[in-house]
Structure formats: structure tokens, C-alpha cells
Amino acid sequence: MSEQAQINVMEQLVSLCKRRGFVYPASEIYGGLNGFWDYGPLGVLLKNNIRDSWWRSMVEVPPIGPDGHPVDMVGLDSAIIQNPKTWVASGHVGGFSDPMVDDRETKQRYRADHLVCAIAKVKRKNGDVQELGFLAVLDGDRAVNDFVKRADKLARKTGGGEIQPPERSELTLFTKLDPERQKQVWGPEATQAGTLTEPRAFNLMFQTYVGAIQDETSKAYLRPETAQGQFLNFKNIVDTTRVKIPFGVAQIGKSFRNEVTPRNFIFRSREFEQMEMEWFCHPDEARKWYDFWKEERMKWWKSLGVRDENLRFRDHDADELSHYSKMTVDIEYKYPFTAPDFGELEGIAHRGCYDLTQHQTHSGQKLDYFDQELQLKLKEQGASADEIKQKSRYIPNVIEPASGLTRAVLVVLCEAYRRDPNRQGSVEYLSIKPQFAPIKCGIFPLVNKEGMPEVSEKLYLDLRKHFTCEHDVKQSIGKRYARMDEIGTPFCVTIDGETMKDQTLTVRERDAMTQERVSLDKIKGYLLERLSAE
RNA sequence: GCGGGUGUAGCUCAGUGGUAGAGCGUCACGUUGCCAACGUGAAUGUCGAGGGUUCGACCCCCUUCACCCGCUCCA
């Protein structure tokens, strides 16, 4: 498909989502709000179906581990607002709440308090000392060296000469300069002066205040990820449940990030829903479990009905790893807006012992784990008392598969969207896997008379107890089929003249539009079976 | 955050400095015999928002917001 056609797919999908009640712009009557979306009547059904599938595959029926037994997994629903120290320990505050400056020319972003400046002075060949301007370099041991190099480069362009190195103490923090001076500074890589913005607070966390008094001491944050909830409750879970290493804690919930540029429909929004699992294991086994979850997670995405060719793994390079991660792989999807490229879908990170260690340090609470099984094993192996004591108590490593529920909704919609101008009835339809379809079955009388609506309503009253159904007696049968196709309803059953004679009805399948006669007393079982098909 | 584009009915989109339009969709009634059938009728818009110019602005100007595209960002 051409790039243009790909873009159109997104436009058509967004339009369908609005028209049929999947996704609306949030607070639309007030002009909307950048980065926020509401899930409509069908959207919330779809989202819940995907959410339930994840929860079931993680918590209720977790996968079989390498030892042939189901892995140990528990669920959690932690608070969105936690003690703000949480985010200091996690590394989300600190580096990211400091003022930043952008270089408009080079597009580089610097921490304002990491830039040091001084006036570059050059002694020309004729002995004159000239000022070249305020130069900024990154602070550090090499700051003076860097400054001289930078000044020298500049001096050459303007006739050369000998740079007069500044004293270390002459280097002034960018943040200490008055705003007028800041405007005259040359950025570390800029080819002209005055391309740096004024320092701006740059923190992707939403802030709020707990309690009625709004001051520094009451400041709190909306969580930028659910994962910290698992770490905060690690001790609670170990103490109050019977889980043993290795085990996982799974959580689904909203997270908030004040993204610089929300973009691409619900792909990057400021309020979103995450599905994260923290797998706690012995450091020696972390790599094994990393590989295990990598495969398991890919299987789950495929179970949503996503085609193989639209999914792939991508290992992170060392230089793009997060501050906490030793190893990360992304599961990527070929979105219509990234195609032919792929875009991020889920990250599986080897976080080492970073998080628990951080929280242990900041909270002063012990967050290590006493491994009784390992202790016994070491004893059997004849290890020394010291070795046993030292080895059987450790801070677990963590493998984290983290995915976006709202992103999963987008993927299922992209994957299901079909447009076929030659199709009879609905040109557009959603080929959603039955398990995830918002409405499972449409129930219609062929015509709204001769006892048919009475029979269809009776059937509806029975079937709706088992799965989501819609009963519709109005308008032509073709129109009712088309409407169901457009929202991805996999089956429609129709009561016709024959039903009145022989108690059979037709079942119409969405994708192939084929029809089959099934007897009225078998229809429930028939549908339940086809709806649960893998 | 920077640059470009768009904004008119639920959706897709025409339109003119002088009282707002189409197709589709929605609803009602009639009709109906398996794929958006047909007939009749109906509802719906502060023309994204705010300000300005003008006798008069959906149209021209300014500001702002939202969406799309390209950079940037995405711990």
C-alpha cells in the first residue's frame, strides 16, 4: 500500500471510531484537550475484552514455566498517587524535573545547570585582545578544555589567534546568568549565538497537591507508570501471600505522562492504560526468564489476532537503554502511520535489581528476599555456613513486560479494519476476532411481522445472558447486517419464515458473509463454541 | 517545542462580504421475504473558540484551541 493510502487508513479508522462510538476526543464540546481521548460505548467493550484477556493470561491462568508447572503470579491494583519519594527513588524526579534549555538550531536539549559559560577571549596576532562572545559548554572535568577547543574553532573562523583560557572559577552556570545574557550565549554545538531557549521546567510527570494547602510539601505526582506500585508492595506481597521466588505481580491501570507531542490518535496520549507485570527472580536466572517472557508476550499479541508479519522484536542498543535497564527488547507493530516501519507496542525490560535497591535505599526498609529453598539446596551441597547465609538472602532481579492497553486497542482496530469497495453492503468493516468483538451477535427478525419479532426477542433474552447481543427489528435486513459488520460483530442470527415452520434459523458470518441453518435449540451452543474459537 | 496544512450537521465534504447546503447516517410512519431496497416526513449547526475591521463576517485580519504531516520528545 502506498504511503498516502496508509495515511487514509488512519483517517478512515478515526472517523469510524467516532461515528460508531469507539473513541471520541475528550471534552470535545469545549474544543477537546490535546492528548486525551474518551472510550465510547463500543470502545469500552473492546478495551475491557482485551484487558480481561491479558489479566486471564497473566493472573488467572498464567503460562506454564520451563519446569512444566504454571508460574506463580498475583495481581495488584495500587494507587495512582503515591508518596512523592517514590518517584525520587525511581529516578523519575531528579534529572527530569530540572530546568532544561533547548538549542533551537541543533535541536539539542541540555540541563540548564549542566551548562557553564564564559566570555571567550582571543589574543590576535597583532596583540589585540578580542571578545568572541559568551560560549557555553557542558560542565565537568573537561569543561575548561572543551571551552578552549570551542573558542579556538571560533577564533580560526575570524582570523585566528591565541585563546586565553578562562580560570575554572570564571565559568558561570547558565542558570546564574541574567535572562538578557542568556540570549547572547552560543550553545555547545551551535554555529551562531542566541539559539538557546530560556530554561524551562521539563518534567513529564503531572503534578498535583494532596490536601487543601498547595505548597512544596504537599506536591505529589500522578504515576507515569504502574510498575512502581509493584515494587512498593514487594515486601507486603512476600509477607502476606505464599509466593516464592520466582513470582510475578501484575497490574492494569491508568498512567499519566505529560508528553511533549501526543500524536497518532490514541497511540501516544497523556492519559493511558498500562498492563505491567514485574517478575521477581534470582539474579542468576534473570536472563532465562527474560527470554521466557519475551516469547510469552509475543504469543499473547498473536492471540489477539494480530498477523505475524505485522509484529517483530527489536532489541534496544546499549545507548538507548533506560536508566534502570540492563537489557530491553521491544515488541513492535507495523502501524498504518509507521508503515513500512514498525512502532513500539510493548517493552520487555531486564531491570536488574535497580528498583528494589533504590527503594531500599530511599525508604530505609529492607527489600531483600530470603530464599529458603536455595538455603536448603546449598546446605545439601555442603556449602559453608557463611556462604549459605550470604547467598540465600538477596535482592531479586526484575523482568518487566510493560504494554499499553490503549495501544492494544489501537492495534486490534488497525488490524481489523477492512475496506472493500466490491463488498455487498458494508464497504468498511472490522474483522475483529470474535473473542474481542464488542458485540458478539446481532439477533434479527427477517421482517418485523408475522410473529418473527416475538421469536427473535425471546432468543435475545436468552442469549444476552451469555454474551453481548443486539436485538434489532427495524429497517432492511441488509442494513442491519452492514451496521453489525462496521462494528465488528462476528455473527448475526435471523429469524425467517422457515423458523416459524421448522424451528431453524440462519447464522450469518461477518467476514465471508456466508449463511448456515442451525436449529433454534442448538444455537446457543453453536455460538458459544464459535465465539471461543482460537 | 519548531515548521507546514486543516477546522462548516453524527460522518465525508461543497459554498458565498448580505438570513446555511449536499450525500451518507440518525429518527418516525408505511412498505418489506437475506446483504447499506423503496416512498413520505422529521430532527440536527452560535460555520472550532475569542477578539478586530465592516452598515453587515462562515468568508478579510489578529489571537487561541483541536486535529493531520515533517522534525523534536517518548525516562
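Only a predicted model underlies this, so the values are computations on that prediction, with no experimental measurement involved.
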### Touch class at under 4.0 angstrom, heavy-atom based, for A:D496 against every strand present
base
### Query
Relative to each other, are the rings of A:W279 and A:W289 parallel, tilted or perpendicular (30° and 60° limits)?
tilted
### Query
Can you check the A:Q424 CD to B:A37 P distance for me, whole Å?
11 Å
### Query
Considering only the C1' atoms, how many Å lie between B:U53 and B:C60, rounded to the nearest integer?
8 Å
### Task
Specify the separation, in whole Å, of atom CD of A:Q12 and atom C1' of B:C11.
12 Å
### Query
A:R351 has an atom CZ; how far is it from atom P of B:A75, in whole Å?
11 Å
### Query
Got a donor-acceptor pair under 3.5 Å from the side chain of A:E259 to the base of B:C74?
no
### Query
Looking at B:C34, does its base get a donor-acceptor pair with the side chain of A:T506 below 3.5 Å?
yes
### Task
Using a heavy-atom cut-off of under 4.0 Å over every strand shown, decide if A:I477 touches base, sugar-phosphate, or nothing.
sugar-phosphate
### Rounded interatomic separation in angstrom, taking OH from A:Y24 and P from B:G48
22 Å
#### Entry: Among B:C35, B:A75, B:C11, the one nearest A:P224 by side-chain distance
B:A75
### Query
What's the closest nucleotide to the A:A482 side chain, out of B:A66, B:A36, B:U26?
B:A36
### Query
Is there a donor N/O on one and an acceptor N/O on the other, under 3.5 Å, for the side chain of A:R508 and the base of B:C35?
yes
### Query
Mind checking whether A:Y333 and A:Y335 have parallel, tilted or perpendicular rings, split at 30° and 60°?
perpendicular
#### Entry: Out of B:A66, B:C11, B:C35, whichever nucleotide has its closest atom nearest the side chain of A:M513
B:C35
### Charged N-O contact under 4.0 Å between A:E498 and A:R517
yes
#### Entry: Stepwise salt bridge (Lys or Arg N to Asp or Glu O under 4.0 Å) test for A:R287 and A:D291
CA-CA 6 Å; A:R287 181 57 207 259; A:D291 293 335; 3.5 Å; yes
### Message
Is it the case that the base of B:C65 and the side chain of A:Y30 share a donor-acceptor contact (distance under 3.5 Å, atom types as modelled)?
### Response
no
### A:N34 CG to B:G48 P, straight-line distance once rounded to whole Å
19 Å
#### Entry: Side-chain donor-acceptor contact under 3.5 Å, A:E486 with A:S426
no
### Query
Is there a donor on the side chain of A:R263 or the base of B:G70 sitting less than 3.5 Å from an acceptor on the other?
yes
### Task
Would you kindly check whether a donor in the side chain of A:E486 faces an acceptor in the base of B:A36, or vice versa, at under 3.5 angstrom?
yes
### Message
What is the distance, to the nearest angstrom, from the CG atom on A:L446 to the P atom on B:C35?
### Response
10 Å
### Nearest to side-chain heavy atoms of A:M452, which nucleotide of B:A75, B:A36, B:G33
B:G33
### Task
Could you give the distance separating B:G45 and B:U8 at their P atoms, to the nearest angstrom?
15 Å
### Query
Will you find, in the side chains of A:Q274 and A:E225, an N or O donor that is under 3.5 Å from an N or O acceptor?
no
### Task
Round to a whole Å and report the spacing from OH of A:Y335 to C1' of B:C68.
18 Å
### Query
Whole Å only: how far is the CD atom of A:E450 from the P atom of B:G33?
11 Å
